[in-house]
> 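First the structure, then my questions, so here it is.
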Amino acid sequence: MTAVSETEQLRYISQQAADARVNVEIETEGMTLNLGPQHPATHGTLRIIAKLDGEQVVAAEPVMGYMHRGYEKLAEVRTYPQVTTLVNRIDWVGSFANETPFILAAEKLMEIEAPPRAQYIRTILHEMSRIANVILGIGDMGVQVGAVTPIFFAFRDREYVLNQIEAVTGGRFHPNFDRIGGLKDDLPAGWIQNTKNAMEKVREFCDQIEELMYGNEIFQARTRGIGIIPADIGLSYGLSGVNIRGSGVDWDVRRDATPHGLVYDKADWKVWTHPDGDSYSRMWVRLQEVREGTKIVDQLLDDIPSGPIMAKVPRIIKVPAGEAYVETENPLGVMGYYVISKGDLNPFRVKIRSASFNNVSITPWLLKGVYVPDIITILGSLYFILGDIDR
Amino acid sequence: MTLLAQVASDFNELTSSEVDIAQNIAFGMIAAVMLFSAFRTVTTANVVHAALYLVIVLAGVAALFILLGSDFVGATQVLVYIGAIIVLFLFGIMLTKARLGDDESVESERRGMGALVGILLLVVMGYALVDTFENAELTFGEPEPIAYVPTEVTVGDVPTPVLEALPDVFAGLGDDDEVTISQADFDSLVPEVQRRVPGAEVFGNNKQIADSIFSQYIVPFEAVSVLLLAALIGAIVVARKE
Amino acid sequence: MSDETAVAETDEAEIVEVDEAREALLSELTSELADGLVESHVRAGDDLWIRVHRDAWVDAGMTLKQMDFGYFSFLSAIDWLPSPFGRDMNSQVDLTLTPSEDADDEAEAEPMETGVAGGETRFQVFARVNDITTGRAVTLKADLPDDDLNVGTWIPVYPGANWHEREAREMYGINFVGHPNPRNLYLPGDFQGHPMRKDYALLSRRIKPWPGIVDVEPMPGDDDEGDDS
Amino acid sequence: MSGWIDTFFDSYWGPTGLRTLGGLVAVLLPAGALVYIYLFKLMSFVQSRIGPMEAGPQGSLQLLAEVGKAFQKEDIFPRKADKIVFALAPFVVLMSTFLLVLVVPFGPDAWFVNLDTGIYFALAVSSVSVIGILMAGWASASKYSLLGGLRAAGQLIAYELPLVLAVMGVVIQAGTLNMQDIVLAQAEGEIFGWGGIGNPFILTQFVGFAIFLIAMQAELTQPPFDMPVAESELVSGYMTEYSGVRFLLFFIGEFATAGVFAMIASVLFLGGWWVPGIDPDSNLFNIVGPAVMFGKVLFVTLLIFWFRFTYPRFREDQLQRLCWKFLIPISLLNIVVTGVLKVVF
């Protein structure tokens, strides 16, 4: 099935760029272009070796490992509460979301449940880190297509969200706030109203960016019909999150398989999909996702129950033997932790299923036949964080 | 008169001997650079360097044209040769063999043939030049004043026919008679701004070229245009061949 | 609540509840894979594990894909060897820098026990696939004997397995037969050893041993009446 | 005027030296102003920042600091680079800018050269910068540079055409190639018999103005046509390997060329140094003309930089498609319509 789709894709590209194909027939020397690891486009240390014919990519091979920190190994020698500090650093743009699935997996093994208030706050913070992350991704896409202004808007409005996260967790980048059985602290006074204001700012940002960037003809020309991922190919590569919803797959872990301990079912929201599967549809779904995120946060803020934020857990946490896999819908896609415990202080084995690793693994297939400028926009629309690939 | 205007009026008088000297010096320098570059163009083993030396030669030609006062031809030289042809050269070279450093294959063994062709060309062109300009003489000194009198001038604010403006000069003359008026009269007759009115004072080669192309040589000009169009279509057909 | 009671409750719950959907799926898989399926485990309302024979690994993937499990989640490996450097890293007993002798002692002292769906060998590959239309998911495992760490590649089934297999190869030394590009993914090309194996010492931890839990953060809501174990 | 000044101005070398100095001022002063006003301040305003504030009042001396920084930096040559070509390339690029400014009039008597073929000359020398860019791209011995240089060359050659064709409308209407005469034609022109504001060609040649602006944007390699330096793809394109003073020269070249092209645009379409209500022959314009020009340059460059800060980047083939399928046919049509109307009226 791959072969057929690949030919289809090539044919599509050849039709679509027929005007620029004139020079393809002229024999030119092949060229190998090395994008990265120090390259402004690959935000981080991803390196892409692209074999070019003129400006057309014949083969592209991502090379990574420049930031591999071996968290799976390190987690084996940390106690469970300590692991949250590590996993914070996986997707450093939306850190809190990294903690949630691991904590939920540990709670699942321990058969305990956080109090309702903690569950609400957890969900709110999870969504806020999604907003903080995805806003940056949208602004970054502007840089990838050559517009410098959107990223400054993104940083400006991301600040409102980060301020709120900082106000409750004490950390802007690495909150380290989730605990097995609840949360570290309760909300500070006035936080709810401030957060609602921040969400209002984020919605303004969405409107602004929709006009400035998404409505721009050049942006559409650069992203529409570029980097098309058919749904079945995307699924077999394990793409998740926005990248698969941009291909028309209506699947969201938050709605379809919310893990025990998050209260997405208490809010009224919508899973957005886009049938095209191209760069534009991914970015479009991403923007809608931010809007839905602000809605979820607003609704959950309205009905946070009162009560404790911490369940009764032993001081020294020993997790009973067993295996558990918990995945949540993280900003970059589905993130899951497969935790194997042998009843010790520290996990026996933690398999981190990070979203970007799978999302980027499609690039050798996706980048075949595109032009050099499209490499950049396609990577930008896949939106990955290097820490989430390398772990 | 302001300082700027003073300077500007001085700029117009390109007749002083100082300017002649400057022109000669400039010619000498340009010619020397051109000769050196032309020599290096054929001797360098680096293809890109050869193309860049050719740029200097062609730029020198353009400079000489401008030095001779025919800025239109000079500008055309820059536009066509430097702006288009050489850039295409470089484009092709860099796309196909963008190799830094010397290229051995450029060292051709057919130098004898090249020298022969060069000498042959020199003889033919030298003969043509001598044949054409054998009896021509260069005249030095003031060129003959060319007087151009508009049919209408402004006296006060009223447009007045020339004949009425200077009755003493034109009195009793018929329509076809030639008159000679002094520079002072001319200046007083035609104020400075009047002389810059579009079309009123174009003696330059610009107008002559345009006139000759679109009257005398209109048929060859159009023929060349059709030829270029045919070449363009041919190129597209060749490139589009599936 | 103490750990023992928690485990006991889990067992009881599993015995009581019956997850019909997953049981049906399991029986379907059993009939499809026949002898290939070695062992299985259903945690009611939660998850399904199956352990397949190594030779049936690719077949199992193919079968699952045909059963609408089109979504490839991850593929990795497990090393069930108890850590030769001390099971709990907070235990101060094992501080030696010569693992070879101790490794044997510890291995003998701690019998190797495998997890859900059982296992007989030290290394297992495991993978997870989802059926996103119904929300079902299956975790597959396959035993690999120590002397023959070969297993078929999943790339023809799930092309996304490519990088996961490269990662598992360099981290555990498992050879995926038929992998088109078996190079290191993360590690330098000339890296010696397989870091995720349990007998691969985490050097920084060896040089500077873990001091144990020195400060335990007071839990909010955790008053004096809490029964610490 | 004292004696030696007279002697100085009567000699050949005096005015020549003065012209050279004037050219430097006319190129560098607007370039510096544009960098400060637009790149530092307007860009910051657009992007919700305040921009440089420390050096001088409102950061106005930041530019000097930047120049000083560039002079302190090491002039790095890549090891495999073609040293001579690499070293000369920025000068070739800057040379084309200085040649451009020669034909721009700043007042009835304030000009450097008053060529009959002024605008033709300007369009011709503007293409010289391509050579410099190709030299830089090739000599850097870097793939990013080479790709950037090739992209720049392809783009500049392609957009030369709509640029020239857009100018043709003005030339037909004014009946001259002389820049000074184009200004006078606008000053003395009439719109349906009413000459209150003359006839700035932006009114009658609006299509030409729009095409000229777009083509100019491409010639300047400013976004949305900045593929040659596309920082997210090619790092800095042909400038990647440059540092220190040579990078500064490219940087100056970029903004100086923007300023000079804006001057040409304002001469062609906005009436150059002339403002309505004052007799174009008045000596006053020799003083206020440059200031008027600068104001108009600020207006044109505002458009250039506004697009720069707002728009994403085209892809190379989309750029060529825009040029050949859209701009050139429209500009040809514009010429035909202008010619017909010229004959009719």
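Proteins come first, then strands; the chains are lettered A, B, ... in the order of their sequence lines, and each starts at number 1. For the numbers below, each heavy atom of this structure counts, side chains included, while hydrogens, waters and symmetry mates do not.
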> Could I get the full list of side chain to side chain donor-acceptor pair (under 3.5 Å) partners for D:T221, not counting sequence neighbours?
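Result, side chain to side chain donor-acceptor pair (under 3.5 Å) vs D:T221: none returned.
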> Would you say the ring centroid of D:F225 lies under 6.0 angstrom from that of D:F307?
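Ring-ring flag for D:F225/D:F307: false, centres at least 6.0 Å apart.
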> For the interface with chain D, which of A:A147, A:P150, A:P373 has the highest count of heavy-atom pairs at distances below 4.5 Å?
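Between A:A147, A:P150, A:P373, the count favours A:P373.
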> Show the nearest heavy-atom pair for residues A:V134 and A:P331, with the distance to one decimal.
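Nearest heavy atoms, A:V134 then A:P331: CG2-O, 4.2 Å.
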> Quick check against the 3.5 Å criterion: does A:D388 have a side-chain atom that pairs as donor or acceptor with the backbone of A:S356?
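Answer holds: yes.
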> How about residues 205-219 of chain A versus chain D: which residues have heavy atoms under 4.5 Å apart?
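Result: A:L212, A:N216, A:I218, A:F219.
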> Under a 4.5 Å heavy-atom cut-off, does chain D meet the side chain of A:R222, its backbone, both or neither?
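Both backbone and side chain.
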> Which atoms of D:Q320 are under 4.5 Å from chain A, going by heavy atoms: the side chain, the backbone, both sets, or neither?
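The answer is neither part of D:Q320.
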> Show every donor-acceptor pair shorter than 3.5 Å between a side-chain atom in residues 30-40 of chain D and any protein atom, with sequence neighbours excluded, or say none if there are none.
| residue | atom | partner | partner atom | Å |
| --- | --- | --- | --- | --- |
| D:Y36 | OH | D:Q58 | O | 2.8 |
| D:Y38 | OH | D:L298 | O | 2.6 |

> Between the side chain of D:Q318 and the main-chain N/O of A:A221, is any donor-acceptor distance below 3.5 Å?
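Yes.
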> Provide the full list of ring pair (Phe, Tyr, Trp, His ring centres under 6.0 Å) pairs with a residue in residues 142-166 of chain A, sequence neighbours left out, each pair given once.
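Residue pairs with at least one partner in residues 142-166 of chain A: there are none.
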